[in-house]
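Scroll down for the structure; my scribbles are underneath it.
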Amino acid sequence: MALITVEQDGKQLRTTSSFFRGDNTNFYPNETSFDQENIVSDYIVKGWMPTTPFVTKETPIAAFGSCFAKNISNYLHERGFNVLTKSENGAYVTQMGEGMVNTFAIRQQFEWAWLGKTPSVDLWHGYSAEAFGYDESVRQDTKKIFDQVDVFVITLGLSEIWYDEPTGEVFWRAVPLKDYDPTRHKFRVSSVAENLENLRAIHRLIRTHRPDASIIFTVSPIPLQATFRDVSCLSANAVSKSILRVAIDELYRELHHDDPKLFYFPSYEVVMYLFNNAWTVDRRHVKPRVLRFNMEIFERYFCESELDDAALLEAFRDTLRIDIVSGTDAARSRRRALADAKQDAADKHDSPPIQRR
């Protein structure tokens, strides 16, 4: 078998020449890759970022969708950027901007704001299951924001949905317990095709009403807290995220050639694949330094700021050092806990029997 030589991270690799490799061959990073100066540009964001940053401190931004959207809007707001969904208004994309966890809910906001389309049943509820309703003044606040936005950052959370069977309309999240009707309220996993069509509809609406706005889709790395499927939550979460990621990728491949202002930001991949100890103890929330590095990537490539390649590389290496240390600390804690448990078991085994009278 003939072999050819290819290069990765400055090293010559021997591999088979039996198959045509095309015009692009981008390797998966190995441990050596993490020491390279091109780790961020070539292994994390390649192919997804704009050629030059375009978000200024004056650019109107809206960031909403799933819970991870709050991290994006908080970071940009703290850095002095013009995040309209952090302003004082009654819009639900402000009040519940991190609570619209599926593409159906996000599409509803655009159709409500710009088309005046209102669901026929009560679908929108707050964290305590309070009804939000379809107040016209709130719609106008939402429309006002959307009419001004130059950059939409839309974060997708999950593809499991609760819906009203007679109408087919989808809830923001789940059904309030006090309203639950088993004859009409159903649960299912939405398909790639459904989510893709929702993204197409969102894209069409933005291009109709804000033709020059930039659209940045991203997937939240925050996993399901629980699944309503009769399978493990770990596997259900993998499916849920995969459906969303595939839908975005299909949209991007379909439209990006003709729409250079459509982007994908790999926040999901940064958390899932770069670090070994990215999660807090609940294994659902991202550790602050990993979260910050994610946002620093966004700032470096999308925003006009003083953050350059050298600073971003140092941020990555700093985050990686913390990741390694936290992993070592966690391992020590687990070993101590195991040793304590063994000692407790030994003490109980060696203790004298209780004397009964």
Examine distances only and state if a side-chain atom of [X] and a backbone atom of [Y] form a donor-acceptor pair shorter than 3.5 Å.
X: Lys117; Y: Ala113; result: no
X: Asn38; Y: Ser41; result: no
X: Thr85; Y: Ala63; result: yes
X: Asp323; Y: Asn277; result: yes
X: Thr280; Y: His285; result: yes
X: Gln109; Y: Gly65; result: no
X: Tyr273; Y: Tyr268; result: no
X: Gln8; Y: Tyr28; result: yes
X: Glu194; Y: Ser191; result: yes
X: Gln140; Y: Val138; result: no

- Ile61, Leu262: one ILVMFWY side-chain cluster at the under-4.5 Å cut-off? yes
How many angstroms lie between atom [atom1] of [X] and atom [atom2] of [Y], to the nearest 0.5 angstrom?
X: Trp162; Y: Arg173; atom1: CH2; atom2: CZ; value: 14.0 Å
X: Ile154; Y: Ile215; atom1: CD1; atom2: CD1; value: 6.5 Å
X: Glu165; Y: Arg184; atom1: CD; atom2: CZ; value: 9.5 Å
X: Met295; Y: Leu76; atom1: CE; atom2: CG; value: 8.0 Å
X: Glu304; Y: Phe54; atom1: CD; atom2: CZ; value: 10.0 Å
X: Ile145; Y: Ser87; atom1: CD1; atom2: OG; value: 5.0 Å

- Arg245 charged N/C atom sitting above Trp48 aromatic ring, 6.0 Å / 45°: yes
I'd like to check the ring-ring contact (aromatic ring centres under 6.0 Å, His included) partners of [X]; sequence neighbours left out, ordered by chain and number.
X: Tyr43; result: none
X: Phe152; result: Phe110, Phe146
X: Phe171; result: His185
X: His209; result: Trp114

Report the residues that fulfil salt bridge (Lys or Arg N to Asp or Glu O under 4.0 Å) with [X], sequence neighbours left out, ordered by chain and then residue number.
X: Arg253; result: Asp249
X: Arg292; result: Glu296
X: Arg139; result: Glu136

Inspect the contact between [Y] and [X] and indicate whether a charged nitrogen and a carboxylate oxygen are less than 4.0 angstrom apart.
X: Arg210; Y: Asp147; answer: no
X: Glu37; Y: Arg317; answer: no
X: Arg200; Y: Glu250; answer: no
X: Arg300; Y: Asp308; answer: no
X: Arg207; Y: Asp259; answer: yes

- Message: Using the rule given for side-chain hydrogen bond (donor to acceptor under 3.5 Å, both in side chains), can you reason through Asn89 versus Thr94, listing the C-alpha separation, both sets of side-chain angles and the distance that settles it, and then say yes or no?
- Response: CA-CA 7 Å; Asn89 60 73; Thr94 297; 2.9 Å; yes
- Sub-6.0 Å ring centroid separation between Tyr252 and Tyr264: no
- Message: Please confirm whether the ring centroid of Phe132 lies under 6.0 Å from the ring centroid of Trp172.
- Response: yes
Closest non-hydrogen atom pair between [X] and [Y], with its separation:
X: Ala129; Y: Lys178; value: O-CE, 4.3 Å
X: His125; Y: Asp122; value: CE1-O, 3.6 Å
X: Leu274; Y: Phe34; value: O-CE2, 3.3 Å
X: Leu123; Y: Glu169; value: CD1-CB, 3.5 Å
X: Ala311; Y: Leu307; value: CB-CD1, 3.6 Å
X: Ile206; Y: Ala213; value: CG2-CB, 4.3 Å

- Message: Between Asp141 and Lys144, is the salt bridge (Lys or Arg N to Asp or Glu O under 4.0 Å) condition met? List the steps.
- Response: CA-CA 5 Å; Asp141 279 350; Lys144 183 178 179 180; over 6 Å; no
- For Lys86, what residues pass the side-chain hydrogen bond (donor to acceptor under 3.5 Å, both in side chains) criterion, not counting sequence neighbours? Asn74
- Which residues share a side chain to side chain contact (heavy atoms under 4.5 Å, CB included) with Asn26, sequence neighbours left out: Asn24, Lys46
- Task: Just jot down the side chain to side chain contact (heavy atoms under 4.5 Å, CB included) partners of Ser159, sequence neighbours excluded, or say none.
- Result: Val189, Ser190, Asn195, Ser240, Ile243, Leu244
- Geometric class of the Phe302/Phe263 ring pair [parallel <30°, tilted 30-60°, perpendicular >60°]: perpendicular
- Qualifying salt bridge (charged side-chain N to carboxylate O under 4.0 Å, His left out) pairs, either residue in residues 53-68, two or more places apart: none
Give every donor-acceptor pair under 3.5 Å between a side-chain atom in residues 216-227 and any protein atom, sequence neighbours left out.
residue, atom, partner, partner atom, Å
Thr218, OG1, Phe265, O, 2.7
Thr218, OG1, Ser267, OG, 2.5
Ser220, OG, Ile222, N, 3.1
Thr227, OG1, Glu160, OE1, 3.3
Thr227, OG1, Glu160, OE2, 2.6
Thr227, OG1, Arg229, N, 3.1

